[in-house]
Number of protein chains: 2
Amino acid sequence: MVDQLEIFKALSNKSRLDILNWLKEPQSSFPGQEVYGFEHGVCVGQIQQKAGLTQSTVSEYLSILQRAGLVKSTRVGQWTYYQRNEETFQVLSRLIQSEI
Amino acid sequence: MVDQLEIFKALSNKSRLDILNWLKEPQSSFPGQEVYGFEHGVCVGQIQQKAGLTQSTVSEYLSILQRAGLVKSTRVGQWTYYQRNEETFQVLSRLIQSEI
DNA sequence: TTTACATATCGACTTTTCCCGATATTCCTA
DNA sequence: TAGGAATATCGGGAAAAGTCGATATGTAAA
């Protein structure tokens with residue numbers, strides 16, 4: 001169950017759009033961070049560094065993206081890895097074509 | 001030239017989403033208003049009544065939607081008719097599939 | 001089991017958005 | 001060309017979003 005409005009609000013912020021874009025191709029967006037591995041996505045710290053925002057802000061933004069269904073997270077040890085939830089993007093794309 | 005961020009901001013409001021939806025099928029969304037004709041879209045007053053917002057707010061919202069490229073307007077006499085700009089919706093849909 | 005680190009949450013402040021009433025502009029008609 | 005109707009713009013108060021620093025929570029390693 002997707003909430004259009006919540007998705008659009010989540011997408012109404014430059015930094016959050018950037019983050020989603022970086023997560024499209026983690027290896028090229030976060031070079032030299034292979035040490036963390038990318039199987040589960042990218043961890044908060046890496047994103048924070050690249051975004052140039054505080055840790056709390058990035059954590060908050062990732063929650064917003066997750067609540068909207070645009071990303072999903074996996075906890076591995078002390079790290080939380082985030083990756084895109086492509087399904088939602090597909091649903092949204094179709095929604096815009098037919099529903100909105 | 002579409003500005004993603006501007007589009008998403010325009011879509012981040014319940015009333016504006018409603019308006020876009022009403023404009024999908026003017027005849028069924030605005031019954032009994034055939035007197036105005038629908039060739040050029042729907043005029044501000046009709047939308048205002050249905051939205052239950054003030055005239056100034058609706059006018060403002062329509063400007064926001066227009067700046068984002070989601071609607072286009074035609075002035076006919078003292079009326080300004082608004083209609084959807086379907087092209088932008090198609091572009092946006094594809095953008096979400098491939099770019100964002 | 002204490003410590004150190006990664007992330008999440010909280011409280012506060014600033015900026016933006018929402019939405020209104022009042023006023024201005026545009027255009028038609030008498 | 002004066003008046004009236006439709007729309008646009010302006011100024012402002014309230015609510016929401018953006019963003020931070022400080023603190024709490026969870027997890028791993030010493």
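Throughout, protein chains are lettered first and strands after them, A, B, ... in sequence-line order, and every chain is numbered starting at 1.
For the OP1/OP2 pair of D:dC20 and a distance below 4.0 Å, the side-chain nitrogens and oxygens of A:Thr57 include at least one atom meeting the criterion. Phosphate proximity of D:dA8 to B:Tyr61: absent, as no side-chain N or O sits under 4.0 Å from OP1 or OP2. An OP1 or OP2 oxygen of D:dA8 is reached within less than 4.0 angstrom by a side-chain nitrogen or oxygen of B:Tyr82. Considering only side-chain N and O atoms, B:Thr80 lies under 4.0 angstrom from the phosphate OP1 or OP2 of D:dA8.
If you take CD of B:Gln48 and C1' of C:dC20, they are 12 Å apart, rounded to a whole angstrom. As rounded to whole Å, 12 Å separates atom P of C:dT9 from atom CD1 of A:Ile64. Rounded to a whole Å, the CD atom of B:Gln55 is 13 Å from the P atom of C:dA22. Atom pair A:Ile47:CD1 and D:dT19:P shows a separation of 16 Å (rounding to whole Å applied). The distance from atom CD of A:Gln78 to atom P of D:dT27 is 10 Å, rounded to the nearest whole Å. Between the CG atom of A:Leu62 and the P atom of C:dT9 there is a distance of 12 Å, rounded to whole Å. Taking atom CD on B:Gln66 and atom C1' on D:dT9, their separation rounds to 15 Å, with Å as the unit. Summarising the geometry, the separation between CG on B:Leu65 and P on C:dC18 is reported as 11 Å, rounded to the nearest angstrom.
Across every non-hydrogen atom of B:Thr80 and B:Ser73, the tightest pair is CG2-CB, 3.8 Å. Here the closest heavy-atom approach between residue A:Ala51 and residue A:Val58 is recorded as CB-CG2, 4.4 Å. In terms of heavy-atom proximity, A:Gln83 sits nearest to A:His40 at NE2-O, 3.2 Å. Closest of all the heavy-atom pairs between B:Gln46 and B:Phe30 is O-CE2, 3.7 Å. A:Asn13 and B:Leu5 make their closest contact through N-CD1, 3.4 Å (heavy atoms, listed as atom of the first residue, atom of the second, distance).
Atoms CG and CZ, from B:Leu11 and B:Arg16 in turn, are 8.5 Å apart once rounded to the nearest 0.5 Å.
Side-chain N/O atoms of B:Thr54 and base N/O atoms of C:dG21 include no donor-acceptor pair closer than 3.5 Å.
Side-chain atoms of B:Ser56 lie closest to D:dT9 of the nucleotides D:dT7, D:dT9, D:dC20. Between D:dA17, C:dC19, D:dT9, one nucleotide has an atom nearer to the side chain of B:Ser59 than all others, and that is D:dT9.
Within the structure, the salt bridge (Lys or Arg N to Asp or Glu O under 4.0 Å) test picks out no pair touching residues 61-82 of chain A (sequence neighbours left out).
Mapped onto DNA chain D by nearest heavy atom, B:Ser63 and A:Gly77 fall at different nucleotides, with B:Ser63 at the one closer to the 5' end.
Near-neighbour residues of DNA chain C inside residues 11-24 of chain B, defined by a heavy atom below 4.0 Å, number-ordered: B:Ser12, B:Asn13, B:Arg16.
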